[in-house]
Amino acid sequence: MKVVVLAGPESSGKSWLAAELQAHFGGLMVGEYVRHFIDHHQRDTTLADIPAIARGQLAWEDAARARQPELLILDTHLLTNKLWSQTLFGDYPAWLDSELLARHYDLHLLLSPDDVEWTADGQRCQPDLADRQAFFQCSLEWMQQHQQAVLVIRGDWQARRTAAFAAVEKLL
């Protein structure tokens, strides 16, 4: 099983690209649990919600891993939960670190916020490009610090799709 994670700031194309990859390569795709959580609770999240959101994301990921697909595509993973918690609340549950590092990911496709427009969707909250660039930089630094396989994806939508497809093709 090969596991590919789409990572990066909001509105950089993670969900779109995850769906494109699944349509082209097959496999299983795991969505972003926090969207389900917000839709269900119909309120802004709090620091107290982060453990439930992270456990929900892990449960979805682990259920997909148990099915042993040839390709597992994750629209996000715990790094996003950690960074959003830090961004919004200045803190995060410490256990996120060990849980994140306990799982193997073959490739992180880290999407840059540059070259694509931010799109409001009722859940996004970082319309300022500088904020999204800072989130991207924190993601990249974490991946480099923890020696994770990462490919930075930049450019317009077609360039992102082309680069991601080539990377997954090579991985498989």
Side-chain angles (χ1 to χ4, degrees), residues 1-22 27-38 44-65 71-114 116 118 121 123-126 128-154 160 163-164 167-168 171:
M1 174 174 60
K2 298 295 183 183
V3 183
V4 176
V5 179
L6 285 289
E10 65 183 23
S11 206
S12 59
K14 294 182 302 292
S15 298
W16 164 77
L17 192 50
E20 290 285 306
L21 288 168
Q22 184 187 32
L28 284 179
M29 184 180 80
V30 175
E32 193 175 4
Y33 184 84
V34 69
R35 290 189 164 277
H36 165 78
F37 184 92
I38 292 170
D44 289 340
T45 58
T46 67
L47 179 58
D49 294 323
I50 300 301
I53 291 167
R55 286 187 187 99
Q57 190 68 49
L58 285 176
W60 282 9
E61 179 182 331
D62 290 346
R65 283 177 181 270
L71 177 63
L72 178 57
I73 303 162
L74 304 177
D75 184 356
T76 193
H77 68 352
L78 290 185
L79 178 59
T80 300
N81 296 141
K82 174 184 173 172
L83 294 178
W84 269 114
S85 186
Q86 287 178 308
T87 298
L88 296 174
F89 312 118
D91 197 8
Y92 70 95
W95 61 266
L96 293 182
D97 291 321
S98 59
E99 286 292 332
L100 183 57
L101 292 171
R103 287 165 172 73
H104 174 76
Y105 303 102
D106 294 288
L107 178 62
H108 291 80
L109 298 176
L110 178 58
L111 280 67
S112 167
D114 299 327
V116 293
W118 182 82
D121 71 355
Q123 291 188 7
R124 294 179 178 146
C125 63
Q126 281 191 321
D128 185 17
L129 178 59
D131 291 336
R132 295 192 315 280
Q133 288 169 329
F135 192 97
F136 169 86
Q137 191 60 39
C138 287
S139 299
L140 181 60
E141 288 170 5
W142 183 91
M143 289 175 200
Q144 290 172 336
Q145 177 185 359
H146 296 286
Q147 300 176 341
Q148 301 291 304
V150 60
L151 174 67
V152 173
I153 303 288
R154 300 182 188 278
R160 289 166 190 256
V168 173
L171 179 67

Fill in: Donor-acceptor contact below 3.5 Å, side chain Arg160 vs main chain Ser112
yes

Item to complete: Find the distance between CG (Leu88) and CG (Asp44) and round it off to the nearest 0.5 Å.
Response: 9.0 Å

Item to complete: Check the pair Gln148 / Trp142 against side chain to side chain contact (heavy atoms under 4.5 Å, CB included), numbers first and verdict last.
Response: CA-CA 8 Å; Gln148 301 291 304; Trp142 183 91; 3.6 Å; yes

Worksheet item: Can you list the steps and then say if Phe136 with Leu110 is a side chain to side chain contact (heavy atoms under 4.5 Å, CB included)?
Response: CA-CA 8 Å; Phe136 169 86; Leu110 178 58; 3.4 Å; yes

Discussion item. Against Lys2, only a single residue in Val168, Leu171, Ile73 fulfils side-chain contact (heavy atoms from CB on, under 4.5 Å); can you say which?
Written reply: Leu171

Fill in: Least distance between heavy atoms, Thr76 atom then Val5 atom
C-CG1, 4.3 Å

Worksheet item: Looking only at heavy atoms, what is the nearest atom pair of Leu151 and Ala163, with distance?
Response: CD2-O, 4.2 Å

Worksheet item: What do the steps show when you test Thr80 against Gln57 for side chain to side chain contact (heavy atoms under 4.5 Å, CB included), and what is the final call?
Response: CA-CA 10 Å; Thr80 300; Gln57 190 68 49; over 6 Å; no

Practice prompt. Taking the side chain as every heavy atom from C-beta outward, state whether Pro113 and Leu129 have any pair of such atoms under 4.5 Å apart.
Written response: yes

Worksheet item: Do Lys14 side-chain atoms and Leu74 backbone N/O form a donor-acceptor pair below 3.5 Å?
Response: no

Worksheet, complete the sentence: Note: Leu28 and Ala64 closest approach over all heavy atoms is CD1-O, 3.8 Å

Worksheet item: Taking atom types as modelled, is there a side-chain donor on Gln137 or Glu141 under 3.5 Å from an acceptor on the other?
Response: yes

Practice prompt. Check for a donor-acceptor pair, side chain of Gln22 on one end and backbone N or O of Gly27 on the other, with a separation under 3.5 Å.
Written response: yes

Worksheet item: On the ring face of Tyr105, is Arg65 found with NZ or CZ under 6.0 Å from the centre and within 45° of the axis?
Response: yes

Fill in: Exercise: identify the closest heavy-atom pair between Leu47 and Asp91
CD1-O, 3.8 Å

Item to complete: Dump the intermediate steps for side chain to side chain contact (heavy atoms under 4.5 Å, CB included) on Asp97 and Tyr92, then the final yes or no.
Response: CA-CA 10 Å; Asp97 291 321; Tyr92 70 95; 2.6 Å; yes

Worksheet, complete the sentence: Here the pair of heavy atoms bringing Ala167 nearest to Leu107 is CB-CD2, 3.9 Å

Practice prompt. Starting at OG of Ser15, measure out to CE of Met29 and round the result to the nearest 0.5 Å.
Written response: 7.0 Å

Worksheet item: Taking the inter-plane angle between the rings of Trp60 and His36 on a 0 to 90° scale, is it parallel (under 30°), tilted (30 to 60°) or perpendicular (over 60°)?
Response: tilted

Worksheet item: How far does CG of Leu6 sit from CG of Leu111, to the nearest 0.5 angstrom?
Response: 6.0 Å

Worksheet entry | Interatomic distance, Thr87 atom OG1 to Lys82 atom NZ [nearest 0.5 angstrom] | 11.5 Å

Practice prompt. Compare every heavy atom of Ala164 with every heavy atom of Ile153, then report the nearest pair and how far apart it is.
Written response: CD1-N, 3.9 Å

Item to complete: List in chain and number order the residues that pass side chain to side chain contact (heavy atoms under 4.5 Å, CB included) with Pro93, two or more places apart in sequence or in another chain; answer none if no residue qualifies.
Response: Ile50, Pro51, Ser85, Trp95, Leu96

Item to complete: Quick one: which residue pairs count as a salt bridge (Lys or Arg N to Asp or Glu O under 4.0 Å) with a foot in residues 98-108, not counting sequence neighbours?
Response: Glu61-Arg103, Asp62-Arg103, Glu99-Arg103

Worksheet entry | Between CD on residue Gln126 and OG on residue Ser12, distance to nearest 0.5 Å | 10.5 Å

Worksheet item: Got a second to check how far Ile53's CD1 is from Tyr33's OH, nearest 0.5 Å?
Response: 8.0 Å

Item to complete: Could you tell me which residues satisfy side-chain hydrogen bond (donor to acceptor under 3.5 Å, both in side chains) with Trp84, sequence neighbours excluded, listed by chain and number?
Response: none

